[in-house]
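Inspection log for the structure reproduced underneath, given as structure tokens.
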Amino acid sequence: MTSVATMPTSESDPVRRQSTPRRFVMCRPDHFGVSYSINPWMDPARPVDRSLALSQWEALRVAFERHGHRIEVVPGVPGLPDMVFAANSGVVIGGRAMSARFTHPERAAEGPAYHEWFARRGFRELVAATEVNEGEGDFLRVGRRILAATGFRSSPAAHREVERYFGRPVVSLELVDPRFYHLDTALMVLDEDNIAYFPEAFSADSRDILAALYPDAVLADDDDAMVLGLNGVSDGFNVFIAARAHGLGEALRAQGYNPVGIDMSELLKAGGGVKCCTLELH
Ligand code: ARG
């Protein structure tokens, strides 16, 4: 069932949103756990229910498929508990792929593991990032441009490397709150020219840039941000977000989008959500 035809939310709503089928890469959380802490959400002393994480992940995959999206699954690697967060594997746009290079030694081996998968998958052009680059965690394509973050993970040099390789303008943004350590924890792409974001996660200069580029953006509040509500995936109409991001869901509906709530509570213990588990092949 592909929901290509969309409905305006009210008679007065002039915007008709359109979903387009997507291709996503996901990695089964067979080896998921919280055995170290590299962001403020992670507490190794707090138990993780891996089978619950698996069923939440499976529910996300089913939700994507039900809405007409195609999923490719990468096998997880024992000893790499964060590999489930496929968004960090790299950036893929128009058959060109760049695999990630991680900040922390705990995740370093994921770079080559994902690189090998990309190579087997047969991308026309594939390189490994030479700068610290956490993939779609920090690089989000919005229409022609790429929004990129620095502050906690990916480096400013990585922004330039991505710009050169993909031949698209990269807009650099600075994250300032350690709870929102990746761009995709504070900003979500809704369609080719609109986004949702949590302004407080960004420096004053970056907020100005975002306000100028996206005057119609959906702004999230503290409650939405604290359940990683912005860590969502949109197909242009359906927006897959944390089920607990109620305010954000309403704000999206008011702008003609269709929020689809997904419970990712177990993956949130590692600081991840819907988008973290999803790499888009653009
Ligand atoms: N524990 C992981 C880390 O801190 C979570 C990564 C979430 N991924 C994302 N795209 N935000 O690196």
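In listed order, ligands and their atoms are each counted from 1. Everything numeric here is computed off the predicted structure, so don't read it as measured data.
- For ligand 1, residues of the protein lying within 4.0 angstrom by heavy-atom distance are Ile38, Asn39, Met42, Asp82, Phe85, Ala87, Asn88, Arg107, Gly137, Arg153, Tyr181, His182, Asp184, Thr185, Ala270, Gly271, Cys276.
- Using modelled atom types, one finds no donor on one side chain facing an acceptor on the other under 3.5 Å when comparing Asp235 with His67.
- No continuous path of hydrophobic side-chain contacts links Leu126 to Met98 [ILVMFWY only; heavy atoms under 4.5 Å].
- Screening Asp138, Asn88, Asn133, Thr103 for a side chain to side chain donor-acceptor pair (under 3.5 Å) involving Ser154 leaves a single residue, Asp138.
- In the hydrophobic clustering (ILVMFWY side chains linked at under 4.5 Å, chained through shared members), Val274 is joined by Phe24, Met26, Phe32, Val34, Tyr36, Ile38, Met42, Val48, Trp57, Leu60, Phe64, Ile71, Val73, Val84, Phe85, Val233, Phe240, Val260, Ile262, Met264, Leu267.
- For the pair Gly68 and Pro21, the tightest heavy-atom approach, listed with the atom from each and the gap, is O-CB, 3.7 Å.
- A donor atom on one side chain and an acceptor atom on the other are found under 3.5 Å apart for Asp263 and Ser265.
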